[in-house]
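These numbers come from a predicted model, not from an experiment.
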Amino acid sequence: MSTKQTGVIIGLTGGIATGKSTVTQILRDLGVVVIDADALAREIVEPGQPALKEIVDTFGQEVLTKEGTLDRTALGERIFQDDKARKTLELITHPRIAQAMFQHASDAFASGHLWVAYDAALLVET
């Protein structure tokens with residue numbers, strides 16, 4: 001019989017100047033794997049990723065740079081003016097970010113880590 005090792009995921013959240021970066025560094029120094037939600041958000045919209053295709057299918061080619069990467073400024077201008085568009089983008093990205101976080105956490109647990117911290121400024125809100 002095999003036993004699957006599991007660990008604990010803790011959420012680290014807070015706005016600007018709340019000390020989140022300091023706590024993140026302390027956790028890293030203690031050997032805790034820290035997963036950054038902002039990094040995952042960038043990862044899931046890289047060229048070739050399904051989220052980028054869905055964003056382009058939904059919002060049009062104008063949200064891409066000439067190089068084929070996501071034009072965050074163009075997309076931001078679009079979604080911050082339109083609450084429905086913002087919610088649509090969140091429906092595309094948030095499940096994929098969560099899936100990526102759980103995959104990274106699972107990988108950390110499989111390699112022997114017992115603790116993972118999920119650094120997400122909008123953890124409670126999303």
Side-chain angles (χ1 to χ4, degrees):
M1 176 188 280
S2 67
T3 58
K4 183 179 177 184
Q5 184 175 13
T6 60
V8 175
I9 300 172
I10 60 170
L12 180 60
T13 188
I16 295 171
T18 58
K20 201 162 48 95
S21 296
T22 301
V23 173
T24 297
Q25 189 56 54
I26 291 168
L27 290 170
R28 282 189 175 114
D29 291 345
L30 292 171
V32 175
V33 173
V34 177
I35 301 170
D36 182 346
D38 290 337
L40 295 180
R42 289 186 297 276
E43 181 181 299
I44 65 150
V45 295
E46 290 176 352
Q49 294 297 317
L52 181 59
K53 179 182 180 334
E54 191 171 345
I55 290 168
V56 172
D57 290 348
T58 303
F59 296 101
Q61 292 289 323
E62 60 271 12
V63 299
L64 288 179
T65 66
K66 293 175 189 170
E67 294 78 26
T69 62
L70 183 63
D71 184 337
R72 294 179 184 284
T73 302
L75 182 60
E77 289 172 0
R78 177 107 179 250
I79 66 162
F80 291 122
Q81 297 173 15
D82 182 343
D83 204 40
K84 183 179 177 190
R86 182 183 51 78
K87 289 179 182 176
T88 298
L89 178 63
E90 289 171 353
L91 288 172
I92 295 169
T93 59
H94 288 183
R96 288 178 168 103
I97 293 168
Q99 181 181 19
M101 187 279 295
F102 284 115
Q103 183 60 57
H104 285 279
S106 178
D107 293 346
F109 298 147
S111 67
H113 293 277
L114 299 177
W115 292 86
V116 168
Y118 183 48
D119 177 359
L122 301 175
L123 182 61
V124 174
E125 296 83 351
T126 59

Distance-only donor-acceptor hits, side chain of residues 51-59, under 3.5 Å, sequence neighbours excluded:
| from | atom 1 | to | atom 2 | distance (Å) |
| --- | --- | --- | --- | --- |
| Lys53 | NZ | Asp57 | OD2 | 2.8 |
| Glu54 | OE1 | Arg96 | NH1 | 3.0 |
| Glu54 | OE1 | Arg96 | NH2 | 3.1 |
| Thr58 | OG1 | Glu54 | O | 2.7 |

Practice task
Rounded to the nearest 0.5 Å, what's the gap from CG on Asp119 to CZ on Arg28? Could you check?
Solution key: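 If we round to the nearest 0.5 Å, Asp119:CG and Arg28:CZ are 7.5 Å apart.
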Exercise for the section: First locate atom CG of Asp29, then atom OG1 of Thr24, and finally report the distance between them rounded to the nearest 0.5 Å. Expected result: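 Spacing of CG (Asp29) from OG1 (Thr24) equals 10.5 Å.
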Practice task
Return yes if some donor-acceptor pair links the side-chain N/O of Thr13 with the main-chain N/O of Ala120 below 3.5 Å, else return no.
Solution key: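 Pair found, side chain donor or acceptor close to backbone of Ala120.
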Problem - Whether Gln25 side chain and Ser21 backbone form a donor-acceptor pair below 3.5 Å - result: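 No, the answer is negative, given that no donor and acceptor are paired below the 3.5 Å cut-off.
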Using every non-hydrogen atom in the two residues, find where [X] and [Y] come nearest and quote the distance to one decimal.
{"X": "Leu91", "Y": "Pro95", "result": "O-CD, 3.3 Å"}
{"X": "Ala117", "Y": "Leu27", "result": "CB-CD1, 3.7 Å"}
{"X": "Val116", "Y": "Ala108", "result": "CG2-CB, 3.8 Å"}

Exercise for the section: State whether the number of non-hydrogen atoms from other residues, nucleotides or ligands found under 6.0 Å of Gln99 atom CD is greater than 12. Expected result: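 No.
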Exercise for the section: Check whether Leu114 and Val32 end up in the same hydrophobic cluster, where Ile, Leu, Val, Met, Phe, Trp and Tyr are linked by side-chain heavy atoms less than 4.5 Å apart. Expected result: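 Yes; tracing contacts between hydrophobic side chains, which count when under 4.5 Å, links both residues.
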Problem - CA sep, side-chain torsions, deciding dist, call: His113, Asp107, side chain to side chain contact (heavy atoms under 4.5 Å, CB included) - result: CA-CA 9 Å; His113 293 277; Asp107 293 346; over 6 Å; no
For residues 39-49, dump all side-chain donor-acceptor pairs below 3.5 Å to protein atoms at least two apart in sequence or in another chain.
| from | atom 1 | to | atom 2 | distance (Å) |
| --- | --- | --- | --- | --- |
| Arg42 | NH1 | Asp38 | O | 3.3 |
| Glu43 | OE2 | His104 | NE2 | 3.4 |

Practice task
Tell me yes or no: between the side chains of Glu67 and Thr69, is some donor less than 3.5 Å from an acceptor?
Solution key: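 Looking only at side-chain atoms, Thr69 and Glu67 do not form any donor-acceptor pair under 3.5 Å.
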Side chain proximity check, [X] to [Y], heavy atoms < 4.5 angstrom:
{"X": "Tyr118", "Y": "Val34", "result": "no"}
{"X": "Glu62", "Y": "Arg78", "result": "yes"}
{"X": "Leu75", "Y": "Phe80", "result": "no"}

Exercise for the section: Given side chain to side chain contact (heavy atoms under 4.5 Å, CB included), test Leu89 with Ile79 step by step and report yes or no. Expected result: CA-CA 8 Å; Leu89 178 63; Ile79 66 162; 3.5 Å; yes
